[in-house]
Amino acid sequence: MNEEEQRYEPRPIERKWQQIWESERTWEVPNPGEEGYQPDKPKAYVLEMLPYPSGEPHVGHLKCYSVGDAIAHFRRRRGYEVIHPMGYDAFGLPAENHAIRTGEHPRVATDRSIESFREQFREWGVSIDWTREVSSHNPEYYRWTQWIFLRLLEQGLAYREEAAVQWCPKDATVLANEQVVEGRCERCGTLVEPRRLKQWFFKITDYADRLLADFDLLESWPDNVITMQRNWIGRSEGAEVIFRCEELELDFEVFTTRPDTLFGATFFVLAPEHPAVERMIEGTENAEQVRTYVAEAMRAPTEQRGSAEREKTGVRVERTVTNPVNGERIPVFVADYVLMEYGTGAVMAVPAHDQRDFDFATAFGLEIRRVVEPPEGADELPEDQAFVSHSDREVAINSEQFSGKPSTEVAVEVVDWLEGRGLGSSAVNYRLRDWLLSRQRYWGCPIPIVHCPSCGVVPVPDDQLPVELPEIEDYQPKGQSPLETATEWVETECPGCGGPARRETDTMDTFVDSSWYFLRYLDPRNEELPFDREIADHWMAVDQYIGGVEHAILHLMYARFFVKALADGGHIGVQEPFINLFTQGMITRDGAKMSKSKGNTVSPQEYVERLGADTARTYICFMGPPERGGDWSDEGVEGVHRFLSRLWRLAREVQDRTDSGAAPASQPEAEVRELLTKAHWAIDKATRDFERGFQFNTVIAAVMELVNECYRLKGELLDDEREGAAAALRFATSTAASLIFPFAPHLGAEVWEMIEGGRLWEQPWPEPDESLLSHETFTLIVQVNGKVRAKLEAASDLGDEELLALARAEQRVIEQIDGGQVVKEIVVPGRLVNIVVR
RNA sequence: GCCGGAGUGGCGGAAUUGGCAUACGCGAUCGACUCAAAAUCGAUUGCCCUUGCGGGCUUGUGGGUUCGAGUCCCACCUCCGGCACCA
């Protein structure tokens, strides 16, 4: 045998199997009722978040699809009918910005990128059912995005309203609340500005409670994702209380989580944006001063306003409002620490028991009246801050008839009292805002609406869908949608009255496209509906969803909302799209996030070409627990490549030097038994670790141990004339191939074919032989006072007394006990003996 | 500030129910093969003391429970992620 034949060359092996999978359509699965459908198999929907096609796939993609593919392969071989589709989230800003720079149509760049993604997925050997491929920028897809929009409109879940919205001046579009991070645009980091615009919204707030409650329907989601969504929804219970401005006969509703502190309300604050500010100041002496303050506050960037550390500012309004519980007239202020977006934009201020109100009262010299006290005997309260504790232990004071009662009780009773007089009621408030979906951009799904001067807002009838995106000359946004320039497209007929009308020129947020794609995969060529309900009900929900944690709020909450809305419309039978969620950690290089500007990017393609896809995929799964992320190391990749080479060379040698007809040994010799035991140990370990979650690093480590054991024993076994020796080696080698297959499918298939013949993926996942796992002897750990003093082989069937006798016979144990008195002896059967000596 | 998560060799990490701490990989050292190198195969590799036998120490820090703690409890430190004038 020459050198060439001894070297593991991944490229030809990988090509060979990719071609087989492609020509044999190995990973395609039929829908119920279609040819080849196997009703007796349980289904498993394994799904990775669809990529946004921009440029070429990066390491994050490689990780996501390596992890997902390992799960898909494991499930298939465990007897599931696995649906594992792929698609592209193809609308979006980067392609449009590219178009603005180059003049190239966004579709061209997007399609080019999709081609590159498709090609790489094929080269990575990902087991995808390509018949189900979709892309959100194709009219065959977005037709149904529009259809769903219209259904939500019918269900009263889509509405158009003028609202103060967050505008990104750089991207020249409005943003959803979720897309504003610390006052900046989530995409480009530009400070956002407030603007008043008429925009389309989805009423996700209607689902706030169900989005919270249905966390119970999920099996396994990372806690941090659930927490993030929970915080984002921000449900808080409390009361709505009416404060009346008697002079103007104007009622103000405020929300409070602490109705028990109502007697401590010593002033009242309006947000600068509050619509009633002008009426309140009209005709008062300092009206102009208030107007100046409001104007300044409105101009300040959101980011600056949103800081708790900032000094409190505000201005007095020459009016009072009445505290409903005691009839007290309290002063009114306008201050920017009160936000229009939350609650009612007005608050009752209780400086004694709210830090912000305390800070404001201190700055403006206002009364701080304590109405809640800790029980007697508690520590002195600090004078320089608010006392916010609220439990059964605190007691109301200075609260008329409520004084002396526990503050939680008072909270309930005060609300009852208010309710009885029509001055308030219990209420729930959310941080969650409705989803603003309008975008003043070109490269998105057109909103299927026509504005008619006589009929108003008219939905485009279903049979006129899709509303296709027109071709335009100039992609540059000018504060309005670039679609405004497509005059011929904009000017249309009203579907209602037939008169001249104009099309809606805003497009949809791309998160709309990706909120239902997992349903289209199930029935991708349906021309009557986005998907057939029966088919969708068969495959849904997604059994395992895999993706980056950066989508914890945006995508994952929107998709949950969509599925609930579709369920309410009778289009689907599930309430939750993703039963199990796995969020992968980020891969860094030299400890830093990869970025082109830092020049520390890792190109998956480079590694795939040089070392093979199997190496790249296996390495990424071996780096550490995939949810944690890790640092890319070239030495580490080499190490994995070395391991795969070892397996391949082992297979080569075993194939050359053993017979396939070899019978298993009837009377196993020590080496044979050792090797078989290791193989079954590896099967057991790999299976358990797979089932435990995503600890692929330990699965791979077990296979490495098995291969190491083969190397250790193969010298003797290959020289051994008896048939059992060869059979054991063949079994161990093909088992290693079988177990590594989910990570290195090409090599796994190749080695299996070399040793066993046939198609590895058609083989069920191996089962460990229990009889080989239970040992006749075990290593007994002998401790004296909890310290290991000896290790010895003991028969597994020995009783406690016999184990103790063995332990006490050990020389080193005798020395340690020497002279002392044995106080206690602990025996853990099958593990250890601990002798306690004084 | 609030809510999560994590701290284990030179490095990435393992340890399933409270029972051998450091599996597997990287790196390093030595050896075999080679004229030589690469590749490959094999051995060693937590720290300290000791020529050796052996002994002591070690899972961020301090305490506790236990025959026995990386794992459980209490307090603290550090790092990472998320949220934050949310009334």
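Within every chain, numbering begins at 1; the chains are lettered A, B, ... in the order of the sequence lines, protein sequences first and strands thereafter.
- The partner of B/C33 is absent, by the rule that a Watson-Crick or G-U pair needs both atom distances under 3.5 Å.
- Between B/G7 and B/U61, the distance separating the two P atoms is 13 Å to the nearest Å.
- Base pairing annotation: B/A84 forms no Watson-Crick or G-U wobble pair, as no partner gives both donor-acceptor distances under 3.5 Å.
- Distances shorter than 4.0 Å separate some side-chain N or O of A/Gln695 from OP1 or OP2 on B/A15.
- With contacts defined as side-chain heavy-atom distances shorter than 4.5 Å, the pair A/Trp648/A/Leu747 qualifies.
- Remark: B/G68 base-pairs with no nucleotide in the shown strands. Criterion, Watson-Crick or G-U wobble with two distances under 3.5 Å.
- Across B/G12, B/A87, B/G19, the shortest atom-to-atom separation from the side chain of A/Asn834 is found for B/G19.
- Rounded to a whole angstrom, the distance from the C1' atom of B/A6 to that of B/G70 is 13 Å.
- Remark: C1' of B/G13 and CD1 of A/Ile620 are 16 Å apart, rounded to the nearest angstrom.
- When A/Phe622, A/Tyr8, A/Tyr619 are each tested for a ring pair (Phe, Tyr, Trp, His ring centres under 6.0 Å) with A/His641, only one passes: A/Tyr8.
- Side-chain nitrogen and oxygen atoms of A/Arg649 include none within less than 4.0 Å of the OP1 or OP2 phosphate oxygen of B/A39.
- B/G4 and B/U8 are spaced 22 Å apart, taking the P atom of each and rounding to whole Å.
- Side-chain nitrogen and oxygen atoms of A/Arg258 include none within less than 4.0 Å of the OP1 or OP2 phosphate oxygen of B/C86.
- Rounded to a whole Å, the CH2 atom of A/Trp681 is 12 Å from the C1' atom of B/A15.
- Checked by distance alone, A/Asn231 brings no side-chain donor or acceptor within 3.5 Å of a matching partner on the base of B/C83.
- Note: CG (A/Asp684) to P (B/A23) measures 21 Å, nearest angstrom.
- Formation of a donor-acceptor pair under 3.5 Å by the A/Gln584 side chain with backbone atoms of A/Val67 is not found in this model.
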Residues 823-834 of chain A, side-chain donor-acceptor partners within the protein, below 3.5 Å, at least two apart:
residue, atom, partner, partner atom, Å
A/Glu825, OE2, A/Arg808, NH1, 2.7
A/Asn834, OD1, A/Gly786, N, 3.0

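- Of the P atoms belonging to B/U17 and B/G25, the separation is 25 Å, rounded to the nearest Å.
- Within the shown strands, nothing qualifies as a pairing partner of B/U16 under the Watson-Crick or G-U definition with both distances less than 3.5 Å.
- Phosphate contact (OP1/OP2 of B/C83, side-chain N/O of A/Asn224, threshold under 4.0 Å): absent.
- At a threshold of 4.0 angstrom between heavy atoms, the contacts of A/Val836 are confined to the sugar-phosphate backbone, with no base atom among them.
- A/Pro625 comes within contact range of the sugar-phosphate backbone alone, with a heavy-atom separation under 4.0 Å but no base atom that close.
- Judged by the 6.0 Å distance and 45° axis criteria, A/Arg646 is positioned over the aromatic ring of A/Tyr711.
- Between the CZ atom in A/Phe243 and the CD atom in A/Glu253 there is a gap of 11.5 Å [rounded to 0.5 Å].
- Taking the C1' atom of each, B/C74 and B/U22 are spaced 28 Å apart, rounded to whole Å.
- Looking at heavy-atom distances under 4.0 Å, A/Ser633 makes no contact with the nucleic acid at all.
- For the pair A/Ile233 CD1 and B/C83 C1', the interatomic distance rounds to 14 Å; values are reported in whole Å.
- Counting non-hydrogen atoms under 4.0 angstrom, A/Arg642 reaches the backbone sugars and phosphates but no base.
- Between the CZ atom of A/Phe643 and the P atom of B/C41 there is a distance of 13 Å, given to the nearest Å.
- Note on A/Arg356: a side-chain N or O is less than 4.0 Å away from OP1 or OP2 of B/C86.
- A/Tyr711 comes within contact range of the sugar-phosphate backbone alone, with a heavy-atom separation under 4.0 Å but no base atom that close.
- A/Lys685 has no side-chain polar atom (N or O) that falls below the 4.0 Å cut-off from OP1 or OP2 of B/A14.
- Rounded to whole Å, the C1' atom of B/U29 lies 38 Å from the corresponding atom of B/G62.
- Using N1 to N3 plus N6-O4 or O6-N4 for Watson-Crick, or N1-O2 and O6-N3 for G-U wobble, each under 3.5 Å, B/A38 pairs with nothing.
- B/C67 and B/C53: their P atoms are spaced 35 Å apart (whole Å).
- With distances taken from any side-chain atom of A/Val788 to the nucleotides B/C67, B/C24, B/C20, the minimum falls on B/C20.
- In this structure B/C76 sits in a base pair with B/G60, meeting the Watson-Crick or G-U test at under 3.5 Å.
- Across all strands, A/Asn708 comes closer than 4.0 Å only to sugar-phosphate atoms, never to a base (heavy-atom distances).
- Dashed line: the shortest gap from a side-chain N or O of A/Arg646 to OP1 or OP2 of B/C24 is not under 4.0 Å.
- Base orientation of B/G10: anti, since the glycosidic angle falls outside 90° of 0.
- Backbone-only contact: A/Gly639 has heavy atoms under 4.0 Å from sugar-phosphate atoms and none from a base.
- Checking B/G82, B/A23, B/C85 against the side-chain heavy atoms of A/Lys312 singles out B/C85 as nearest.
- Comparing B/C24 with B/U45, their C1' atoms sit 15 Å apart, to the nearest whole Å.
- Note: A/Phe694 and A/Phe696 have perpendicular aromatic rings, judged against thresholds of 30 and 60 degrees for the angle between ring planes.
- In this structure, the side-chain contact (heavy atoms from CB on, under 4.5 Å) partners of A/Ala737, at least two apart in sequence or on a different chain, are A/Val751.
- A cation-pi arrangement is present between A/Arg560 and A/Phe215, with the terminal nitrogen or guanidinium carbon under 6.0 Å from the aromatic centre and inside a 45° cone about the axis.
- Across all strands shown, B/U45 forms a Watson-Crick or G-U wobble pair, both distances under 3.5 Å, with B/G27.
- Position along RNA chain B of the nearest nucleotide to A/Ile781 versus A/Ala701 favours A/Ile781 as the more 5'-ward residue.
- Heavy atoms of A/Arg431 sit under 4.0 angstrom from at least one base atom.
- Closest approach to the A/Thr698 side chain among B/G25, B/G55, B/A14 is made by B/A14 (side chain taken as heavy atoms from C-beta onward).
- Within the nucleic acid shown, A/Arg235 has no heavy atom closer than 4.0 Å to any nucleic acid atom.
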